[in-house]
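Just below is one structure, and these are the notes that go with it.
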Amino acid sequence: MKNRKGRPFIRFRTKIHRNTLIIQMQNSMTGKLKKWGYSISSKREEVGIGLTSIEHIAKNEGGGVHFYQDGNVFMSEVYLEIEK
């Protein structure tokens with residue numbers, strides 16, 4: 001999927017819901033995601049460290065992640081608890 005001008009895109013959105021910061025990213029892609037345990041890649045046949053690192057940091061901070069594909073868009077959501 002590309003933007004209206006036919007170029008690849010990345011979109012970021014942040015919001016706060018209750019006491020959670022939600023960071024959402026949409027990234028254009030081609031092909032299908034390959035799942036390797038907890039890691040996902042569309043570029044290589046081995047486990048990458050980028051998404052694994054994001055997941056590790058989020059979990060260490062009491063949050064979580066959700067990575068998935070919606071058509072030709074890679075979707076990622078990171079949830080971080082906000083201290084009160």
Side-chain angles (χ1 to χ4, degrees):
M1 175 180 258
K2 300 185 184 220
N3 69 7
R4 291 184 184 143
K5 294 182 181 181
R7 297 182 187 147
F9 65 86
I10 296 177
R11 295 184 187 118
F12 287 95
R13 178 179 167 188
T14 60
K15 64 182 176 181
I16 296 175
H17 179 70
R18 298 187 182 172
N19 67 328
T20 302
L21 172 64
I22 303 169
I23 304 166
Q24 298 172 318
M25 185 203 60
Q26 299 176 345
N27 188 2
S28 60
M29 62 172 288
T30 58
K32 294 195 176 217
L33 293 179
K34 301 172 189 96
K35 296 183 181 184
W36 302 94
Y38 292 108
S39 299
I40 299 174
S41 177
S42 65
K43 299 176 184 175
R44 59 184 71 84
E45 293 295 326
E46 68 273 355
V47 174
I49 59 169
L51 297 179
T52 303
S53 296
I54 292 169
E55 181 179 31
H56 180 73
I57 291 166
K59 286 184 176 180
N60 280 347
E61 297 299 322
V65 297
H66 184 181
F67 303 122
Y68 59 100
Q69 182 175 359
D70 184 8
N72 288 330
V73 180
F74 174 69
M75 310 286 287
S76 63
E77 299 172 348
V78 178
Y79 306 93
L80 298 171
E81 187 175 345
I82 298 171
E83 294 182 37
K84 289 186 174 184

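Keep in mind it's a predicted model, so treat the numbers as computed, not measured.
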In Å and rounded to the nearest 0.5 Å, what is the CD to NE2 distance from Glu55 to His66?
11.5 Å

Grab the two heavy atoms, one from Pro8 and one from Ser28, that are nearest each other, plus how far apart they are.
CA-OG, 3.2 Å

Ile82 CD1 to Ile22 CD1 distance, which is reported to the nearest 0.5 Å:
9.0 Å

Would you name the heavy atoms of Leu80 and Ala58 that are closest together and state the gap between them?
CD2-CA, 3.9 Å

If Ile, Leu, Val, Met, Phe, Trp and Tyr residues are connected whenever their side-chain heavy atoms lie under 4.5 Å apart, and connections chain through other members, are Phe9 and Met75 in the same group?
yes

In this structure, CZ of Arg13 is separated from CE of Met25 (nearest 0.5 Å) by 14.5 Å

Do other residues, nucleotides or ligands put more than 12 heavy atoms under 6.0 Å from Glu61 CD?
no

Measuring from Thr14:OG1 to Gln24:CD, what's the distance to the nearest 0.5 Å?
9.0 Å

So, taking the atom named CD1 in Ile23 and the one named NZ in Lys15, what distance separates them when rounded to the nearest 0.5 Å?
12.5 Å

Shared ILVMFWY cluster between Tyr79 and Phe12, side chains joined below 4.5 angstrom?
no

